[in-house]
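What follows is a short report on a single structure.
Numbers restart at 1 for each chain; the letters A, B, ... are given by sequence-line order, proteins then strands.
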Amino acid sequence: MPHLKPRLPRGFRDFLPEAMLKRDYVITTVREVFHRYGFEPLQTPVLELRETLFGKYGEDAEQLIFEAQHGRSDKDPLAMRYDLTVPLARVVAQYENDLKFPFRRYQIAPVWRGERPQRGRYREFYQCDADIVGVGSMAADAELISLLVTVLQRLGFVEVVVKINNRKLLTGMGQYAGVETAQLADLYRSVDKFDKIGADGVAEELRGRGIAPAVVARMMTLLQAQGPGLAALDAAETLMQGSAEAREGIAELRDMAQHMAALNIPPAFYEFDFTMVRGLGYYTGPIFEAVFKGGGMGSISGGGRYDQLIGMFRKESLPTTGISLGIERFIDLMDDLNLYPAHIGGTVVQALVTIFSEDTRAESTRLAAELRAAGLCTELYMAEGKLKLGKQFEYADKKRIPLVVILGSDEIAQGVVKVKRLADASETTVPRADLPAALRHLLPA
RNA sequence: GUGGUAGUAGCUCAAUGGCAGAGUACUUGAUUGUGGAUCAAGUGGUUGCGGGUUCGAGCCCCGUCUACCACCCCA
């Protein structure tokens with residue numbers, strides 16, 4: 001009988017149990033922090049109406065959207081969600097009477113983009129978004145940075161920095177330097193490469209885009225108004241007194257900095273960087289992006305304020321700011337850096353109950369049932385073949401089950417159970433009734 | 001979407017155009033109340049897939065798929 005070669009579409013992945021347990025650890029950590037900051041869960045469908053998604057991201061991005069249909073209809077063209085932000089905007093406009101504002105929601109769910117895959121970059125990937133709808137204050141933006149830094153710390157990241165900029169400042173810079181409004185998008189694209197191609201590279205690219213050399217020179221001075229902490233803002237402000245929009249952007253960043261200080265965010269985790277630009281067209285105010293200092297991965301988180309987006313679905317927009325945590329990149333980096341706690345990633349099983357012989361199988365089965373009733377994740381040995389304790393231990397060892405429970409004829413006669421902890425080969429014998437407590441005591445913290 | 005590198009046993013990799021191999025993993029045994037270590041034996045392949053050149057192709061050529069890298073863009 002002919003069979004199909006098993007394979008996956010490009011950029012899509014399976015996750016076997018060990019990898020899945022590591023993913024769960026990261027997602028659970030993120031969810032706990034979301035709750036800690038008072039965000040509520042939201043779920044939306046994988047598919048949206050095509051019209052909901054198109055016209056929100058810009059032409060380049062929209063070529064990456066997966067479109068969907070079923071075999072019998074060409075009505076209601078559909079598309080797979082490209083991010084979680086536009087679905088949020090739709091939900092806010094659709095259910096505004098049912099929501100309590102400010103609306104703080106989080107969503108952890110897969111999104112799809114038809115990009116050419118690479119490490120840390122897939123066609124199906126999870127985003128973990130937290131957004132605050134209905135707050136124009138920079139207090140909201142500062143909370144998102146605080147939340148992000150908390151997640152990064154909880155996962156064990158050290159060599160990470162959150163770069164912060166402001167769209168108004170970038171626009172103001174461009175206008176102040178004399179860049180035509182129509183060329184602002186080109187300007188952003190080139191400026192964003194500052195890290196990669198350096199000041200000279202950016203200047204060259206800007207000239208190549210037809211921007212006058214004198215304008216480019218002014219632009220480069222503005223961009224390089226760097227400095228530690230608030231000093232960068234002082235330098236930029238001095239240079240850009242003439243631009244109302246730039247002054248507004250700087251004032252927002254100062255405001256944000258005050259809230260961040262009060263939130264006790266370690267200053268080593270963030271910096272103001274006027275060369276950081278985010279691609280998505282809908283940002284209007286502060287923007288932020290986290291990068292691993294070791295490089296090789298692009299941004300591991302990104303977000304910003306998009307005060308106009310909800311206006312695409314509603315008469316009046318609502319001020320909104322949001323952040324997206326790139327857990328796929330967290331996970332790839334954590335694999336590289338070995339940041340998982342030792343007990344994450346083996347198995348969910350806490351104890352294996354062995355079968356000593358056919359005569360004692362029923363007793364072992366009853367014991368497994370007792371352990372499960374007591375809340376312990378318990379596997380009862382079931383592999384086919386001869387019942388040899390050696391095999392059963394080997395099975396537990398390979399599967400990284402921490403505890404092995406032995407109930408042989410001697411133990412049954414005495415009303416006790418023997419437990420071996422594989423990590424240190426220690427054996428403990430306890431009265432049967434005490435077994436659940438004993439197992440809990442022996443498990444890794 | 002553009003350009004580049006690679007693909008051989010489950011995994012990591014060998015093999016001048018001339019018999020497709022090693023390490024590791026896996027199975028069994030040494031070991032009839034106990035995993036890891038050691039020793040022995042064994043299983044495992046349409047060399048990603050499809051064409052072409054050649055007496056002969058893992059190796060050369062074309063196409064294709066996938067992964068990775070650099071762009072583009074982004075989580």
Separation between CG of A:Asp129 and OG of A:Ser301, rounded to the nearest 0.5 Å:
9.0 Å

What integer number of Å spans the P atoms of B:rA20 and B:rG48?
15 Å

Taking N or O atoms only and anything under 3.5 Å, show me the protein contacts with nucleotides 5-10 of chain B, one pair per line.
none

Suppose you measure atom C1' in B:rC49 against the same atom in B:rA57; what distance do you get, rounded to whole Å?
16 Å

Can you name the residues that form a side chain to side chain donor-acceptor pair (under 3.5 Å) with A:Glu115, not counting sequence neighbours?
A:Arg121

Between B:rG1 and B:rC60, how far apart are the two P atoms, rounded to whole Å?
28 Å

Could you give the distance separating B:rA9 and B:rG4 at their C1' atoms, to the nearest angstrom?
29 Å

Would you measure the distance from the P atom in B:rC61 across to the matching atom in B:rG21 and give it in whole Å?
25 Å

Is there a residue in residues 23-36 of chain A whose heavy atoms reach under 4.0 Å of RNA chain B, and which residues are they?
none

Would you call A:Glu124 and A:Leu8 a side-chain contact if the rule is heavy atoms closer than 4.5 Å?
no

Measuring only the C1' atom in each nucleotide, how far is B:rG7 from B:rC59? A whole number of Å is fine.
13 Å

Listed once per pair and sorted, the salt bridge (charged side-chain N to carboxylate O under 4.0 Å, His left out) pairs that draw on residues 130-144 of chain A, sequence neighbours left out:
A:Arg104-A:Glu143, A:Arg105-A:Asp131, A:Asp141-A:Arg305

Nucleotides 31-41 of chain B: protein proximity per nucleotide (B base, S sugar-phosphate only, - neither; heavy atom, under 4.0 Å)
--BBBB-----

Please answer whether the main-chain N or O of A:Leu442 pairs with a side-chain N or O of A:Arg421 as donor and acceptor at a distance below 3.5 Å.
yes

Non-neighbouring partners of A:Tyr126 that pass ring pair (Phe, Tyr, Trp, His ring centres under 6.0 Å), sequence neighbours left out
none

Sort and list the pairs that fulfil side-chain hydrogen bond (donor to acceptor under 3.5 Å, both in side chains) and have at least one residue in residues 29-41 of chain A, not counting sequence neighbours.
A:Glu32-A:Arg154, A:His35-A:Tyr106, A:Tyr37-A:Ser146, A:Tyr37-A:Thr150

Both distances under 3.5 Å, Watson-Crick or G-U wobble: on that basis, could you give the dot-bracket string for RNA chain B, with [ ] for crossing pairs and | for other-strand partners?
(((((((..((((....[..)))).(((((.......))))).....(((((..]....))))))))))))....

Think A:Arg167 forms a cation-pi with A:Tyr188, using NZ or CZ under 6.0 Å from the six-ring centre and within 45 degrees of its axis?
yes

A:Pro110 vs A:Arg81 side-chain heavy atoms within contact, under 4.5 Å:
yes

Starting at OH of A:Tyr306, measure out to OG1 of A:Thr85 and round the result to the nearest 0.5 Å.
5.0 Å

For atom C1', what is the distance between B:rA15 and B:rU47, given to the nearest Å?
11 Å

Under 6.0 Å between the ring centres of A:Phe157 and A:Phe292?
no

Rounding to the closest angstrom, what is the interatomic distance between B:rA40 and B:rU66 at atom C1'?
40 Å

Listed once per pair and sorted, the side-chain hydrogen bond (donor to acceptor under 3.5 Å, both in side chains) pairs that draw on residues 329-349 of chain A, sequence neighbours left out
A:Arg119-A:Asp336, A:Tyr122-A:Asp332

List for me each residue that meets ring pair (Phe, Tyr, Trp, His ring centres under 6.0 Å) alongside A:Phe39, sequence neighbours excluded, and say none if there are none.
none

Take A:Phe288 and A:Leu148 through the test side-chain contact (heavy atoms from CB on, under 4.5 Å) and record every step on the way to the result.
CA-CA 10 Å; A:Phe288 22 89; A:Leu148 168 62; 5.8 Å; no

How are the rings of A:Tyr381 and A:Tyr395 set relative to one another: parallel (under 30°), tilted (30 to 60°) or perpendicular (over 60°)?
perpendicular

How does protein reach along nucleotides 66-75 of chain B, written 5' to 3' as B (base within reach of a heavy atom under 4.0 Å), S (only sugar-phosphate), or - (no contact)?
SSSBBBBBBB

Presence of salt bridge, A:Glu394 and A:Lys398, under 4.0 angstrom:
yes

Has A:Phe12 got more than 12 heavy atoms of other residues, nucleotides or ligands less than 6.0 Å from its CZ?
yes

Identify each atom pair where a protein N or O and an N or O of nucleotides 45-51 of chain B are less than 3.5 Å apart, giving names and distance.
residue: B:rG48; atom: O2'; partner: A:Lys5; partner atom: NZ; Å: 2.4

Donor-acceptor check, side chain of A:Thr378 to backbone of A:Leu376, threshold 3.5 angstrom: yes or no?
yes

